[in-house]
> 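Attaching a single structure in structure tokens format; questions to follow.
By convention in this document, chain letters (A, B, ...) are assigned in the order of the sequence lines, proteins followed by strands, and residues within each chain are numbered from 1. These numbers were taken from a predicted model, which means no experiment stands behind them.
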Protein chains: 2
Amino acid sequence: MNNRGMRISARADYAVRAALELAAAGSEASLKAEAIAAAQGIPHKFLEGILGDLRRGGLVVSRRGGQGGYRLARAAESIAIADVIRVADGPLVSVRGVRPPELSYCGPAESLLPLWIAVRANVRKVLGEVTLAHVAAAKLPDEILSLAEDPEAWTNP
Amino acid sequence: MNNRGMRISARADYAVRAALELAAAGSEASLKAEAIAAAQGIPHKFLEGILGDLRRGGLVVSRRGGQGGYRLARAAESIAIADVIRVADGPLVSVRGVRPPELSYCGPAESLLPLWIAVRANVRKVLGEVTLAHVAAAKLPDEILSLAEDPEAWTNP
DNA sequence: ACTTTCCCTAGTAATCCGATAGGAAAACTA
DNA sequence: TAGTTTTCCTATCGGATTACTAGGGAAAGT
């Protein structure tokens, strides 16, 4: 037995947290990488690389020099958590490295493909609907809250 | 940018396919590892290790020698896909290696915890409900089918 | 100029992934 | 009892990935 499962990597987690810090700062103010790193307890050189990805992905804009730093490229209401994860870490869900639609199964495993598709659809339902603004304001949509409030969702196995 | 995201490993995929092959064979007949490997195109020595995990996890029973092989330990209707993945690959969903309930966030990231919980709950809704019997018979529950039939679920990003 | 801050390339230690090899132990066959 | 079959165990492997670190160059501001 291994200890992986479907994992959200440190990269993805850090990327979302950094983006949340930017969302909370508002779209005028810009934050320096070092400040974000300190606020969220992220290794700052590692974070710099992640912020570079967010910039190349068009989610963030940067300025260097004295009053430089990073800020969101668009409104926090228009950036889904899924957008951040995809830009920092690649496709949301993959099976054996490839995305579900490219898979092919045979025999009794044939219905596995629609199953993985359903998993991905359900992940998207959460991460594609919830925006940085939602999380930063601690106001998750009702659908999501009702998922998270179910006590059974917090039990471990 | 990386190329991971939330991945279902080869181990997990292989484990489910092997279990499906056993489910399709019925609870009387037992299949040899080599036969399963050939049917599903899985490296047989790799599969042997996975079948060992399924046995230690109590999902499968084995017999050695002449008419030996593997068969399911319980009815295929009572084994969820999530059970197979957990036994072969560890916790269904984890963030940075730890399971959501053990995380703690601060500042604007505080609502990230309920968000990951919601993701996990939605993954469980699919993988915890669907059984080996469902997939092997190609008869997914209606809830799942309606997720998988949405054309938008098949589009890539 | 000079400082600040982003930006880029490279490196690294540890871990994991997917796979392979060889044989010991058990069960069946005859 | 001898011999075959199949599971079971341990050990190893190259290569990729993860999570970081180091060092410096390029731009922007003062």
Side-chain angles (χ1 to χ4, degrees), chain A residues 1-15 17-18 22 29-38 40-57 59-71 73 85 88-91 94-98, chain B residues 1-15 17-18 22 29-38 40-57 59-71 73 85 88-91 94-98:
Chain A
M1 212 240 280
N2 239 329
N3 219 23
R4 300 204 101 260
M6 294 175 66
R7 131 177 300 174
I8 287 150
S9 65
R11 253 187 115 68
D13 185 55
Y14 290 165
R17 283 157 66 188
L22 293 174
S30 61
L31 297 181
K32 314 173 205 241
E34 179 62 49
I36 301 172
Q40 285 294 325
I42 303 171
H44 74 288
K45 277 302 213 177
F46 191 31
L47 179 61
E48 268 188 15
I50 293 168
L51 287 167
D53 288 339
L54 297 185
R55 180 180 47 85
R56 278 182 289 274
L59 297 182
V60 143
V61 290
S62 61
R63 241 176 63 200
R64 336 193 210 200
Q67 297 295 8
Y70 296 88
R71 57 183 219 282
I85 295 181
D89 216 34
S94 68
V95 179
R96 251 157 69 230
V98 311
Chain B
M1 211 241 281
N2 239 329
N3 218 23
R4 298 205 102 259
M6 294 174 65
R7 134 178 298 175
I8 287 151
S9 66
R11 253 188 116 67
D13 185 54
Y14 291 166
R17 283 156 65 189
L22 293 175
S30 63
L31 296 181
K32 309 170 206 241
E34 179 62 49
I36 301 172
Q40 285 293 325
I42 303 171
H44 74 287
K45 276 304 214 176
F46 191 31
L47 179 63
E48 266 186 19
I50 294 169
L51 286 168
D53 288 339
L54 297 185
R55 180 180 49 83
R56 277 181 290 274
L59 296 183
V60 144
V61 290
S62 60
R63 243 176 62 198
R64 336 193 211 200
Q67 298 293 10
Y70 296 88
R71 58 184 218 281
I85 295 181
D89 216 34
S94 69
V95 179
R96 251 157 70 230
V98 310

> Consider the side chain of A:Gln67, meaning its heavy atoms from C-beta on, and name the nucleotide among D:dT21, C:dT29, D:dT30 that approaches it most closely.
D:dT30
> Nearest whole angstrom, please: distance from the P of C:dA19 to the CD1 of B:Ile50.
9 Å
> For nucleotides 7-15 of chain C, read 5' to 3', which letter fits each nucleotide if B means a protein heavy atom sits under 4.0 Å from the base, S means only the sugar-phosphate is that close, and - means neither?
BB-------
> Could you give the distance from CD1 (A:Ile50) to CD (A:Glu48), rounded to the nearest 0.5 Å?
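These two atoms lie 11.0 Å from each other.
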> Applying the side-chain contact (heavy atoms from CB on, under 4.5 Å) criterion to A:Leu54, which one of A:Val61, A:Val60, A:Leu22 satisfies it?
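Only one option passes, and that is A:Val60.
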> Round to a whole Å and report the spacing from CG of B:Asp53 to P of C:dG18.
13 Å
> Between C1' on C:dT5 and CD1 on A:Ile36, what's the gap in Å once rounded to a whole number?
12 Å
> NZ of A:Lys32 versus P of D:dG29: gap in Å, rounded?
13 Å
> Measure from CZ on B:Phe46 to P on D:dT12 and round the result to the nearest Å.
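Between P of D:dT12 and CZ of B:Phe46: 19 Å.
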> How far does CZ of B:Arg55 sit from OH of B:Tyr70, to the nearest 0.5 angstrom?
7.0 Å
> Check whether any side-chain nitrogen or oxygen of B:Tyr14 sits under 4.0 Å from OP1 or OP2 of C:dG18, and answer yes or no.
no
> Closest-nucleotide mapping onto DNA chain D: is A:Arg11 or A:Gly65 further toward the 5' terminus? I mean the 5' end.
A:Arg11
> How close or far is atom C1' of C:dT4 from atom CG of A:Leu31, stated in whole angstroms?
16 Å
> Once salt bridge (Lys or Arg N to Asp or Glu O under 4.0 Å) is applied, do any residues pair with B:Lys32, and if so which ones, sequence neighbours excluded?
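By the salt bridge (Lys or Arg N to Asp or Glu O under 4.0 Å) rule, B:Lys32 matches no residue at all.
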> Assign A:Gly69 to base, sugar-phosphate, or nothing according to its heavy-atom contacts below 4.0 angstrom with the strands shown.
sugar-phosphate
> How close or far is atom P of D:dT21 from atom CD1 of A:Ile42, stated in whole angstroms?
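Checked: the CD1 to P distance equals 13 Å.
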> Within the side chain of B:Arg17, is there an N or O that forms a donor-acceptor pair under 3.5 Å with the backbone of B:Gln40?
yes
